[in-house]
Amino acid sequence: MSQPEFKIIKPGSEESRRLIEQCNLNDIHCSLDYLMLFSKYLSMEAIYAFYGDENNYILVPFLKKILTIREAGEKYFDLISPWYYGGPICHTDSRNIATEIFGRWHEEFNSYCLENSIVSEFQRLNPVIENHLLYQDDVSLFFNREIVCVDLKKSLEQINQEYAYKVRKNNKASKAN
């Protein structure tokens with residue numbers, strides 16, 4: 001087993017694709033293609049922040065944005081998750097190992113940010129893969145909104161009946177064709 005390390009991985013390499021595919025806590029929002037799509041659309045650099053070894057690791061996708069405020073010629077950066085959802089994905093044997101590695105990832109990541117003029121990080125954590133559970137002890141984590149899921153296996157009539165009356169009767173879209 002090799003020594004755990006923190007590193008920034010540029011998307012597009014064989015290494016990045018392999019690491020993403022091996023993650024057991026994962027979904028489309030962290031995929032290489034998804035990250036590259038929004039990197040091009042938003043004109044931001046795509047990166048993955050990695051911590052661990054070949055057996056157990058945390059991988060976090062980010063879009064790196066140059067901030068327009070510049071002081072004395074310095075450049076500052078902001079890191080955001082890809083659109084909709086982001087946050088950590090991992091390749092570990094258990095949630096406990098993931099939590100332990102994430103704590104070390106967070107320490108290394110903070111050092112990286114300080115050394116590289118990164119002044120903020122914003123992530124929309126994914127309720128489907130429950131990666132918010134890795135942030136249980138983080139006081140900066142806050143609840144923002146409810147996520148609504150609709151079972152598309154039901155008939156349109158059943159789905160319609162589950163909405164509140166005022167939503168069902170809103171015909172604005174129908175009127176606008």
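Starting from 1, each residue takes its place in the sequence as its number.
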Can you tell me how far CE of Met44 sits from CD1 of Ile66, rounded to the nearest 0.5 angstrom? 10.0 Å

Minimal non-hydrogen separation, Ala46 against Pro11, with atom names: O-CD, 3.0 Å

Report yes if the side chains of Ser16 and Leu32 come closer than 4.5 Å at any heavy-atom pair, otherwise no. yes

Quick one: does any side-chain atom of Asp27 pair with a main-chain N or O of His29 as donor and acceptor, under 3.5 Å? yes

Closest contact, heavy atoms only, Tyr112 versus Ile118: CE2-CD1, 3.5 Å

Going by heavy atoms in the side chains, are Lys10 and Ile47 under 4.5 Å from each other? yes

If I compare all heavy atoms of Leu125 with all of Pro127, which pair ends up nearest, and what's the gap? O-CD, 3.4 Å

Rounded to the nearest 0.5 angstrom, the CG-CD distance for Asn110 and Glu121 is 8.0 Å

Whether the side chain of Glu162 engages the backbone of Ile159 through a donor-acceptor N/O pair (distance < 3.5 Å, no angle test) should be reported. no

For Arg104 and Pro4, work out which heavy atoms get closest and say how close. NH1-CG, 4.3 Å

Would a distance-only check, ignoring hydrogens and angles, find a side-chain to backbone donor-acceptor pair under 3.5 Å from Asn131 to Ile89? no

Taking the side chain as every heavy atom from C-beta outward, state whether Val60 and Trp105 have any atom pair closer than 4.5 Å. yes

Tightest non-hydrogen contact, residues Ala98 and Ile58, listed as O-CD1, 3.8 Å

Give a yes or no on whether a salt bridge exists between Glu14 and Arg18, defined as a side-chain N under 4.0 angstrom from a carboxylate O. no

Find out whether Thr99 and Ile97 are in side-chain contact, i.e. whether some heavy atom of one side chain is under 4.5 Å from a heavy atom of the other. no

Taking the side chain as C-beta and beyond, is there a heavy-atom pair between Lys154 and Asp151 under 4.5 Å? yes

Point-to-point distance, once rounded to the nearest 0.5 Å, from NZ of Lys65 to CG of Leu42: 9.0 Å

Could you check whether Asn56 and Thr92, counting side-chain N and O atoms only, form a donor-acceptor pair closer than 3.5 Å? no

In sequence, state the C-alpha distance, the side-chain angles, and the governing distance for Leu59 and Ile20, and then conclude on side chain to side chain contact (heavy atoms under 4.5 Å, CB included). CA-CA 8 Å; Leu59 192 62; Ile20 295 162; 3.7 Å; yes

Output field: ring centroids Phe62/Phe109 closer than 6.0 Å: yes

Tyr135 and Gln123 side chains, donor-acceptor separation under 3.5 Å: yes

Is Tyr84 reachable from Tyr41 through a run of hydrophobic residues whose side-chain heavy atoms are each under 4.5 Å from the next? yes

With side-chain hydrogen bond (donor to acceptor under 3.5 Å, both in side chains) as the test, would you mind laying out the steps for Tyr51 and Glu107 before giving the verdict? CA-CA 10 Å; Tyr51 181 81; Glu107 291 172 15; over 6 Å; no

How far apart are the C-alpha atoms of Ser31 and Ile28, what are their side-chain angles, what is the distance that settles it, and do they pass the side chain to side chain contact (heavy atoms under 4.5 Å, CB included) test? CA-CA 5 Å; Ser31 74; Ile28 185 71; 3.8 Å; yes

When you compare the side chain of Phe38 with that of Lys40, does any pair of heavy atoms fall below 4.5 Å? no

Distance-only, no hydrogens or angles: does the Tyr48 side chain make a donor-acceptor pair with backbone N or O of Lys7 under 3.5 Å? no

Keeping Asn160 on the side-chain end and Leu156 on the backbone end, is there a donor-acceptor pair under 3.5 Å? no

Would you give the length of the straight line joining atom CD1 of Ile9 to atom CZ of Phe50, rounded to the nearest 0.5 angstrom? 5.5 Å

What heavy-atom pair brings His91 and Asn24 nearest, and what distance separates the two atoms? CA-OD1, 3.4 Å

Once you round to the nearest 0.5 Å, how far does CD1 of Ile129 lie from OH of Tyr85? 11.0 Å

dist Ser81:OG -> Leu35:CG (nearest 0.5 Å) comes out at 10.0 Å

Given the rule that I, L, V, M, F, W and Y join up when any side-chain heavy atoms are under 4.5 Å apart, are Leu152 and Tyr163 in one cluster? yes

Pro61 versus Pro82: any side-chain heavy-atom pair under 4.5 Å? yes

Contact between Ser120 and Phe77 at the side-chain level, heavy atoms closer than 4.5 Å - yes or no? no

